[in-house]
Every structure is written in structure tokens, then in C-alpha cells.
Amino acid sequence: MVALEITEIGALLQQMLKGTMFDHFLLQEAVISTACEHQIDGRITENYYTEEDAARMGLSGYRCVPFSMVRPICLEIMKGKRKPAFFKFVFLLSPENQANTIIHSGSSYRPEDVSGMFLNLIYKNSRLTCTTGVSYHIFSMDKSLEKEWDRLAAVFFRRHGIAAEIIS
């Protein structure tokens, strides 16, 4: 796990809410505090979509919705003259992107060993931080996948022109 401080908050929010920067991630959770607190549980409601609908929408095998589906809602909540008092977004890689990342990481893990690869964005006290995380179905002392995920998170921000400094 690594913690990054995002120093260009406005640029990140612009790309996140009005662009497609996080559209290939799934949204597990969002909490946005403005005049009141808004919570979005990104987990797909069981039996809400038929198997055919899920397949047509590209949601087969997903436990959470793609961020692109809720991005307009988040933008609507956050737009205005005042900054949110707080927000938290918990993003995770889609099953396909997670499997590709694991396979190309050079680690000993198999895709079925990993339950999630996360980016947690938290805005609090006028600071925006991103922490990375990997959760597993198995126990292992091997930290190679976590180190690779930490590296890839920094590359992700750099490729989008967002300054991010490692703080731990």
C-alpha cells in the first residue's frame, strides 16, 4: 500500500467528473459531503438486471457498477461554487483489468487469488490523498503484486498529467 497526495485537486476532479479518467474502474463506494451527506453504494443490486441485460450492458461478472454509470450523479452533487467538505471514492479494477494487471505483474499470484485491487481517493481538510490496496482470497507473504499496483497507481496519475507525491 502506498499513500499519494494529489497536489492538483482541481485538475483531477475535472478529469474524474467531466472526463473519462476513472471510467475503466468500478465504483464500490462514494461518500460526498456538501450541505448534506450523499452516499452511493456501487454494489450492483442482486437480481436487478437480467442476465441478458447485464451481458448487453457489459456488466456480466461485475459486483459493482462502472464509474461511468454514476459519474453524472457525482458531478451533479459536487458542482457549484463551494468545494465539498469531504469526499471519498473507492474504485476497484474491473475483473478483466485486474486479471491483466496480475498476469503482467510478474508476481506468483493467479487472478483467482485476488479479490480486489483498489484506489481510495479521500478529500479531507483541503487535502486529497489516494491510497492503494490489494485484497486476497489467500494468505501469502509475497508483496510483489502490491508493489506493482503501487507503481502502476503512480504511473496512472502521471499519464493523466496529475501531480501525485508519495507520502507513505
Side-chain angles (χ1 to χ4, degrees), residues 1-34 36-44 59 62-78 83-102 105 107 109 111 113-140 142-168:
M1 180 188 92
V2 70
L4 304 166
E5 182 166 0
I6 308 299
T7 56
E8 298 172 358
I9 298 170
L12 180 121
L13 289 177
Q14 180 75 18
Q15 289 190 51
M16 182 175 102
L17 298 172
K18 294 184 177 178
T20 59
M21 181 176 178
F22 286 90
D23 281 5
H24 63 281
F25 284 91
L26 305 180
L27 180 71
Q28 180 172 314
E29 171 188 15
V31 177
I32 305 166
S33 294
T34 56
C36 62
E37 187 169 281
H38 306 268
Q39 296 184 13
I40 299 171
D41 182 344
R43 292 176 293 175
I44 296 174
L59 300 175
Y62 286 13
R63 63 181 190 221
C64 296
V65 296
F67 180 64
S68 60
M69 288 180 70
V70 294
R71 180 170 32 88
I73 297 166
C74 297
L75 173 61
E76 188 64 30
I77 293 168
M78 294 176 75
K83 295 179 191 175
F86 169 87
F87 64 76
K88 175 175 81 169
F89 288 88
V90 179
F91 295 105
L92 66 147
L93 283 182
S94 67
E96 302 86 11
N97 287 331
Q98 180 173 296
N100 285 336
T101 301
I102 294 166
S105 72
S107 76
Y109 291 103
D113 296 336
V114 179
S115 59
M117 298 176 75
F118 300 87
L119 288 180
N120 304 294
L121 288 178
I122 299 176
Y123 176 77
K124 183 177 180 180
N125 299 326
S126 299
R127 290 183 67 197
L128 179 58
T129 58
C130 176
T131 56
T132 61
V134 178
S135 61
Y136 301 95
H137 290 294
I138 62 168
F139 176 79
S140 174
D142 180 0
K143 301 295 181 200
S144 61
L145 181 58
E146 292 171 44
K147 289 178 182 175
E148 179 64 2
W149 181 231
D150 295 345
R151 185 188 73 76
L152 289 172
V155 167
F156 172 72
F157 288 113
R158 196 168 41 253
R159 282 192 181 153
H160 285 88
I162 303 297
E165 300 171 5
I166 296 175
I167 53 177
S168 71

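Just so we're clear, the structure is a prediction, and the values are computed from it rather than from any experiment.
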I need the [X] [atom1] to [Y] [atom2] distance, nearest 0.5 Å.
{"X": "Met117", "Y": "Leu152", "atom1": "CE", "atom2": "CG", "value": "7.0 Å"}
{"X": "Lys83", "Y": "Ser33", "atom1": "NZ", "atom2": "OG", "value": "15.5 Å"}
{"X": "Arg71", "Y": "Met78", "atom1": "CZ", "atom2": "CE", "value": "13.0 Å"}
{"X": "Asn100", "Y": "Gln98", "atom1": "CG", "atom2": "CD", "value": "10.5 Å"}
{"X": "Ile9", "Y": "Gln14", "atom1": "CD1", "atom2": "CD", "value": "14.0 Å"}
{"X": "Cys64", "Y": "Leu26", "atom1": "SG", "atom2": "CG", "value": "6.0 Å"}

Would you say [X] and [Y] make side-chain contact, with heavy atoms under 4.5 Å?
{"X": "Ile44", "Y": "Arg63", "value": "no"}
{"X": "Ile6", "Y": "Thr129", "value": "no"}
{"X": "Leu13", "Y": "Lys18", "value": "no"}
{"X": "His38", "Y": "Val31", "value": "no"}
{"X": "Cys74", "Y": "Ile32", "value": "yes"}
{"X": "Phe87", "Y": "Leu128", "value": "yes"}
{"X": "Phe67", "Y": "Val70", "value": "yes"}
{"X": "Met21", "Y": "Phe157", "value": "yes"}

field: Derivation of the side-chain contact (heavy atoms from CB on, under 4.5 Å) call for Leu59 and Met69
entry: CA-CA 11 Å; Leu59 300 175; Met69 288 180 70; 4.2 Å; yes
Any sub-3.5 Å donor-acceptor pair from [X]'s side-chain atoms to [Y]'s backbone N or O?
{"X": "Ser107", "Y": "Ser144", "answer": "no"}
{"X": "Ser94", "Y": "Phe25", "answer": "no"}
{"X": "Thr132", "Y": "Asp150", "answer": "no"}
{"X": "Gln15", "Y": "His160", "answer": "yes"}

Ring-ring centroid check Phe22 Phe156, cutoff 6.0 Å: yes
Which atom of [X] lies closest to which atom of [Y], heavy atoms considered:
{"X": "Lys88", "Y": "Ile122", "answer": "CG-CG1, 3.9 Å"}
{"X": "Leu27", "Y": "Ile40", "answer": "CD2-CG2, 4.2 Å"}
{"X": "Ile162", "Y": "Glu8", "answer": "CA-OE1, 3.8 Å"}

- request: Using the six-membered ring wherever Trp is involved, compare the ring planes of Phe91 and Phe89 and label them parallel, tilted or perpendicular (cut-offs 30° and 60°).
  value: parallel
- prompt: Going through the distances and angles, do Leu92 and Gln28 end up as a side-chain contact (heavy atoms from CB on, under 4.5 Å)?
  reply: CA-CA 7 Å; Leu92 66 147; Gln28 180 172 314; 3.5 Å; yes
Is there a donor-acceptor contact under 3.5 Å linking the side chains of [X] and [Y]?
{"X": "Tyr109", "Y": "Glu148", "value": "no"}
{"X": "Gln39", "Y": "Glu37", "value": "yes"}
{"X": "Asp142", "Y": "Ser140", "value": "no"}

field: Glu76 atom CD, over 12 foreign heavy atoms within 6.0 Å
entry: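 Open.
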message: Using a 6.0 Å cut-off, check whether atom CD1 of Ile166 has over 12 heavy atoms from anything other than its own residue.
response: no
Result of checking Val114, Ile102, Val134 against Trp149 for side chain to side chain contact (heavy atoms under 4.5 Å, CB included):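 When Val114, Ile102, Val134 are each tested with Trp149, the side chain to side chain contact (heavy atoms under 4.5 Å, CB included) holds only for Val134.
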